[in-house]
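Below is one structure, written out as structure tokens; comments come after it.
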Protein chains: 2
Amino acid sequence: MTVGRKRDETRDADILRAVLDVLVETSYAELTIEMVAARAGAGRGTIYRRWAGKDELILAAIACTDRTDLETGRLPDTGALRGDLLAMLDPDWLGSGDRRMRILASVTAMMSRNPDVSAAVSAAIVEPSVDAYRHLIQRAVDRGEADPAADVAAMAQVIPAMASHRALVLRQPVDLAFFTTIIDGVVLPALARRS
Amino acid sequence: MTVGRKRDETRDADILRAVLDVLVETSYAELTIEMVAARAGAGRGTIYRRWAGKDELILAAIACTDRTDLETGRLPDTGALRGDLLAMLDPDWLGSGDRRMRILASVTAMMSRNPDVSAAVSAAIVEPSVDAYRHLIQRAVDRGEADPAADVAAMAQVIPAMASHRALVLRQPVDLAFFTTIIDGVVLPALARRS
DNA sequence: CAGTTCCGCAACTATCCAGTACCGGAACTA
DNA sequence: TAGTTCCGGTACTGGATAGTTGCGGAACTG
């Protein structure tokens, strides 16, 4: 039936990973197919055979970002909100978060003009984090640790928002010290029970 | 002494304003000198005679953003923190803030690679806002209204951070309802005195 | 008035890059 | 083995644009 050499599907992942690697270092507009091909050890023709063009390629790369670390079942459960929040901040997580922030910066301008990019970024980068924080905070409320009147939806955005602000706008390191400051200086005070 | 037709210095402002107008609609990379010239009713040669190139031009445009509205002496003083924060949110301010957020989005990618752009944006767009919020919050602490143990530096970043997150990342409107939610759901709870 | 510099405009060069086409070779099918 | 499709690589085309140059005219100086 189907005749000829078969397409090597494993190259897809190599190429998409190369796209993200390039986006860590350069912006959406500056990324060229040649950079991706060189990084992936592929020919440009191979890329054009699999994706319709630059936009489709980048869109696919963003969508395949791995966020299994934030699945609800894998979130920390130390018994206290402060412990849960700090438990997320292991070096691996900080490193992958830094990578995602750089990609986010490279893609921000295009998000204004291409709703598909905006949707892909939201689904792959933004929403998983906010969902995770919402889950931890809601659990603290249910446990009676946090103020039952708290605006959980708003509070769940505080850490992602301040992290992206620090990375994208202030251009300062999003490290353990920063997260600790936000947790102890903003999040926990805002959620403390009124006595 | 100096011979010949004099340079019309008033065109500088027209051209720089045109740069910002274009940046509201397109990104740093997509902006062309031709777009700026057309918008300003100028020739490309006039622009190249005044600035060394595209980077210098955009840098100058960012630096000349007007923030006189945020001078310390002009900040609201209603006697209560909530009133002060809400008093900043008149329609003019929301409109100019939206404009600045769009410019910020257009420039974000270049901030990673050009420290001059990053410095210009910080000085012209970010720092004035944070300074204003810090001033209002510090005053509330001094007045005894806010928790004296509050981390004023961290809290002053909450509103700018969540606004830029909403505009740049979530692509949702940064309007009165949003600010009210943040003020009542995050800022005021975090600053409330422990009783 | 003569000479100079600015102005808007248009023509021009040089570069970069998306996208296409093809090559020789490898992998696969019948 | 013959024919087909994929692979990495290279050459090519076409469009966009940064930056330069020159034109005709206006503004200014002496």
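All chains are named by letter (A, B, ...) in the order of the sequence lines, taking the proteins before the strands, and each is independently numbered beginning at 1.
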(request) Check whether any side-chain N or O of Lys6(B) sits under 4.0 Å from OP1 or OP2 of dA27(D), and answer yes or no. (result)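 Result: no.
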*For dG8(D), take OP1 and OP2 only and decide whether either is under 4.0 Å from a side-chain N or O of Thr46(A).*
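Checking dG8(D) against Thr46(A), a side-chain N or O does come within under 4.0 Å of OP1 or OP2.
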Next item on the list: Report yes if a donor N or O on one partner sits less than 3.5 Å from an acceptor N or O on the other, where the partners are the side chain of Arg5(A) and the base of dC6(D); otherwise report no.
Entry: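 Such a pair exists between side chain and base.
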- base_contact_polar (dG19(D) base, Arg44(B) side chain, donor-acceptor, <3.5 Å):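 Per atom types, the contact qualifies.
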How close or far is atom [atom2] of [N] from atom [atom1] of [X], stated in whole angstroms?
X        : N       : atom1 : atom2 : value
Met35(B) : dA16(D) : CE    : P     : 11 Å
Arg7(A)  : dT29(C) : CZ    : C1'   : 18 Å
Arg49(A) : dG19(C) : CZ    : P     : 16 Å
Trp51(A) : dG19(C) : CH2   : P     : 14 Å
Ile33(A) : dA18(C) : CD1   : P     : 6 Å
Asp8(A)  : dG25(C) : CG    : P     : 21 Å
Lys54(A) : dG19(C) : NZ    : C1'   : 12 Å
Glu30(B) : dA18(D) : CD    : C1'   : 16 Å

Check Arg134(A) with Asp131(A), please: is the shortest side-chain N to carboxylate O separation under 4.0 Å?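 Here Asp131(A) pairs with Arg134(A) in a salt bridge, since their nearest N and O are under 4.0 Å apart.
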task = Give a yes or no answer on whether the side chain of Ser106(A) reaches the backbone of Thr26(A) with a donor-acceptor pair at less than 3.5 Å.
result =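 Checked: pair present.
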Answer with base, sugar-phosphate or nothing: what part of the nucleic acid does [X] contact at a heavy-atom distance below 4.0 Å?
X        : value
Arg11(A) : sugar-phosphate
Leu31(A) : sugar-phosphate
Gly45(A) : nothing

Exercise for review: Could you please name the option among dG8(C), dT4(C), dA18(D) that lies closest to any side-chain atom of Val3(B)?
Suggested key: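 Of dG8(C), dT4(C), dA18(D), dT4(C) is nearest to the side chain of Val3(B).
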What nucleotide, of dC6(C), dA18(D), dA18(C), holds the atom closest to the side chain of Tyr48(A)?
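The answer is dA18(C), which lies nearest to the side chain.
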key: Validation row: His135(A), Val152(A) side chains within 4.5 angstrom (heavy atoms)   =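 With C-beta onward as the side chain, the pair stays apart.
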* Heavy atoms only: give me the nearest Leu94(A)-Leu176(A) pair and the separation to one decimal. =>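 Taking Leu94(A) first and Leu176(A) second, the nearest heavy atoms are CD1-N, 4.1 Å.
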Considering heavy-atom distances to DNA chain C, does Gly4(B) or Ala40(B) have its closest nucleotide positioned more toward the 5' end?
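Checking each residue's closest nucleotide, the 5'-ward one belongs to Gly4(B).
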| Heavy-atom neighbours of Arg67(B) CZ exceed 12 at 6.0 Å |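 Counting other residues, nucleotides and ligands, CZ of Arg67(B) exceeds 12 neighbours.
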